[in-house]
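When a ligand or atom number is given, it counts from 1 through the structure's own listing order.
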Amino acid sequence: MNRVRVLLLNVALGPLDYRVPQGMQAAVPGSIVVAPLGPRQETGVVWDPERLETQEVGDNRLRPLLQVHDVPPLAEPLRRLIDWTSDYYLAPIGAVLRMSLPSSSALDGARTVTEYRATGRVPERLTPQRQQALDRIGERQGLVRELALAGDVSDGVIRGLVKSGAIEAVAVSIDDPFPRPDPDGHPPRLEGAQRAAAREFVTAVQDAEFAPFLLHGVTGSGKTEVYFEAVAEAIRMGRQTLVLLPEIALTEPFLKRFTTRFGCEPVAWHSGLRQSQRRRAWRAIATGDARVVVGARSALFLPYRDLGLIVVDEAHETSFKQEDGVQYHARDVAVMRGKLEKVPVILASATPAIETRHMAEIGVYKEMKLPDRFGVAEMPDIAAIDLIQDPPPRGRWLAPILVGELKANLERGEQSLLFLNRRGYAPLTLCRACGHRFQCPNCTAWMVEHRLVSRLACHHCGHMMPPPRACPECQEVDSLVPVGPGVERIADEVLALFPDARTAIVTSDTIWSPAKAAEFVGRMEAGAIDIVVGTQLVTKGYHFPNLTLVGVVDADLGLSGGDLRAAERSFQQISQVSGRAGRGEKPGRVFVQTHEPAAPVIAALVSGDAEGFYEAETEARRGAAMPPFGRLAGIIVSSEELGEATEAARLIGRTAPRVENMAVFGPAPAPLAMLRGRHRQRLLVHASRSLPVQDIIREWLSKLDWPRGVRVAVDVDPYSFL
Ligand code: ADP
Ligand code: ZN
């Protein structure tokens, strides 16, 4: 009797046992299979039976598996990573497994798929819908569904366009091999500290053992060039490398640099891939054909055939923390994957997180430092502008000193960057007559004005409305006024000051695809932009030698939230954006606008005393037993019914176990008391490092019951406290 335990992708189900019918290909642990479930067929993975408990079912009652997919089984280290992630983050194991198999179509054997693209021919009958579809689809290629989404029309409209000849079918082979990067393409001549770090990494790749590194180098010190040497070694050994980037907007500059060094693009993995690309990439990763994969955090759980190296670039970025579904931190899981796969892991950053510095301090991570910028480039000078001493005129946000600097920079023909981490035109809109403020109907949040698209939008749930002419409260006409600036408003101010300057707004609204990022980079490099106004999206990764002036519009913004990491995050963000200035031969200058020039963060930035700043922050954390010296876990209780949420949260609070060295705070309404129509309550668990907090929480919650409409999410090592 050949019995196997199968973990189905269906999150609601536990593991189930099946029978492998005679004549079927062997189903070993890790095999991806199709199993019957009632009248349906479900995808699942054969799991190690000793790892998962299930109800005993007699041999005679087992149903037979339907199919074993003809793809390599998930290897043992990945299976253990999935187990660990599920345990550590208290997430359903099926939900974690899904991240390894995000493309079910990749499992089918078919070698070609049919995609569609515009032919350029105009259909005889050109309805407004057809016109819209063709306009929006442009050069895109994809499945009927994907084109319908892009064109914002029904599938039927696309099919009609195919019939009329305006769109044609193309066969795409999904098993086309990827080009092989050449490890000896264009290696740079490394300098002293660079060479020492590179040598260390190359040896670690050759040793093929777990070895966590912190590559700590100032912006522009050549961190990328240095870890590329490790990548080159992995390529020489025929092994795979995973490079994680914090967001997909950074993929584009990375692809270019990689191509310059290795002669072809790496395999990209991100949410913007078409289904056929996703499927091709997944198969190449699973077979080992994809040698270097660059991706956002979702690339972390893919089934690499033979991983030899993991790099986490900009490792301090909080966007590595996933905030919905499985709430994991990709930086931390990457280190765990390195441990299980027995490969080196390089965390690269100019401003490493306190957690990471601590690991280096106690000797768990080996720290390699690059203290200077490469070549003649110097670190930029940072100066504070005191907004109380030198305020901008009423209704404006740029202080006279900064305006003067922008003017001088324009005259020199050099590029400038204004940083404000706020999308849209204004963060709040109110009625001048009655004081009514526009709030999202689904969230505890103001509606943000986006003037470019003429909408008010909620940044939490995506709710949108056209800005009304009359106040919905007092009916007064044309009485609405924007309050405070977003990037669009700063761009308006720049235009009013310098009508001839060529500006660009860079936010996730304008750079929403790698192609858009490429376009922006192209225009910057061609010198077609004088002043960039951008959010955190422009703070990292980019290298523009002619960019010499950076202005931080509101340095106090990040501090207002006041959570555990607010000061650290401000420091990182302003250091990163400052790091965009003066990367070439021309020196850079940075001006930071603040109401509090004496605040420790600002003082440290201006004096350049990063070490002093980090020391003080670290000591404060140590004193309060906050991470990394203590542990936190958030418990978020939500429901569409306010009463239900409050009731369930109280029940959880009341039944909190009394454990030494552990305290439970709350419940209390979350700062974001309502999100997407759900009322939210929070509890916070604070414990000493030595306590097995996950076990305690699992045990505690497993005994409780709440109504179906209530959702309880545990956020281990939380980064958001909203
Ligand atoms: P970081 O990642 O630390 O910000 P980069 O790797 O982007 O730094 O390096 C900054 C710039 O200096 C890049 O244009 C890079 O190509 C260049 N550079 C760094 N080291 C070298 C080197 N040894 N030889 C040639 N160019 C280098
Ligand atoms: Zn909302």
Out of Q572, E355, Q576, which one pairs with H316 under the side chain to side chain donor-acceptor pair (under 3.5 Å) rule?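 Per the side chain to side chain donor-acceptor pair (under 3.5 Å) rule, the option paired with H316 is Q576, out of Q572, E355, Q576.
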Compare R373, E225, R257 and give the one whose heavy atom is closest to atom 5 (P) of ligand 1.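 Heavy atom nearest to atom 5 (P) of ligand 1 belongs to R257.
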Does ligand 1 have an atom under 4.0 Å from some heavy atom of R583?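 R583: in contact with ligand 1 (<4.0 Å).
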Determine whether any heavy atom of S221 lies closer than 4.0 Å to an atom of ligand 1.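 Yes; S221 lies near enough to ligand 1 that a heavy-atom distance drops under 4.0 Å.
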Fit a plane to each ring of F201 and F213, take the angle between them on a 0 to 90° scale, and name the class: parallel (under 30°), tilted (30 to 60°) or perpendicular (over 60°).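 Plane angle over 60°, so perpendicular.
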Which word best sums up how the rings of Y542 and F544 line up, parallel for under 30°, tilted for 30 to 60°, or perpendicular for over 60°?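 Ring orientation, 0 to 90° scale: parallel.
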Output yes when the distance from some N or O of ligand 1 to some N or O of [X] is under 3.5 Å, and no in every other case.
{"X": "E191", "result": "no"}
{"X": "T219", "result": "no"}
{"X": "G222", "result": "yes"}
{"X": "G217", "result": "no"}

Students should be able to answer this: which protein heavy-atom is nearest to [atom], and at what distance?
{"atom": "atom 4 (O) of ligand 1", "answer": "G220 N, 2.8 Å"}
{"atom": "atom 11 (C) of ligand 1", "answer": "H543 CE1, 3.6 Å"}
{"atom": "atom 3 (O) of ligand 1", "answer": "K223 NZ, 2.8 Å"}
{"atom": "atom 25 (C) of ligand 1", "answer": "F374 CZ, 3.3 Å"}
{"atom": "atom 20 (N) of ligand 1", "answer": "Q194 NE2, 2.9 Å"}
{"atom": "atom 2 (O) of ligand 1", "answer": "T224 OG1, 2.9 Å"}

Has the side chain of [X] got a donor or acceptor atom that lies under 3.5 Å from a matching backbone atom of [Y]?
{"X": "R261", "Y": "P188", "value": "no"}
{"X": "E414", "Y": "G588", "value": "no"}
{"X": "E488", "Y": "H450", "value": "no"}

Give the atom numbers and elements of ligand 1 that come within less than 4.0 Å of a heavy atom of [X].
{"X": "R189", "value": "22 (C), 23 (N), 24 (N)"}
{"X": "V218", "value": "3 (O)"}
{"X": "P188", "value": "22 (C), 24 (N)"}

Test item: R331 and E317 side chains (from C-beta on) under 4.5 Å apart, heavy atoms: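 No, too far: nothing below the 4.5 Å cut-off.
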State, yes or no, whether a side-chain contact exists between F254 and P266 at a heavy-atom distance under 4.5 Å.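 Yes, side chains in contact.
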With 2.8 Å as the limit, jot down which protein N, O or S atoms are around the Zn ion (ligand 2).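 Within the sphere that stays under 2.8 Å of the Zn ion (ligand 2), the protein atoms of type N, O or S are C440 SG, C443 SG, C458 SG, C461 SG.
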R422 and T507: side chain donor to acceptor below 3.5 Å: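 Checked: R422/T507 side chains show no N/O donor-acceptor pair below 3.5 Å.
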What do the steps show when you test Q206 against E233 for side-chain hydrogen bond (donor to acceptor under 3.5 Å, both in side chains), and what is the final call? CA-CA 8 Å; Q206 288 165 346; E233 189 58 22; 3.0 Å; yes
Taking atom CZ of R451 as the centre, report whether more than 12 heavy atoms of other residues, nucleotides or ligands fall under 6.0 Å from it.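 Yes, because the 6.0 Å sphere around CZ of R451 holds more than 12 heavy atoms from other groups.
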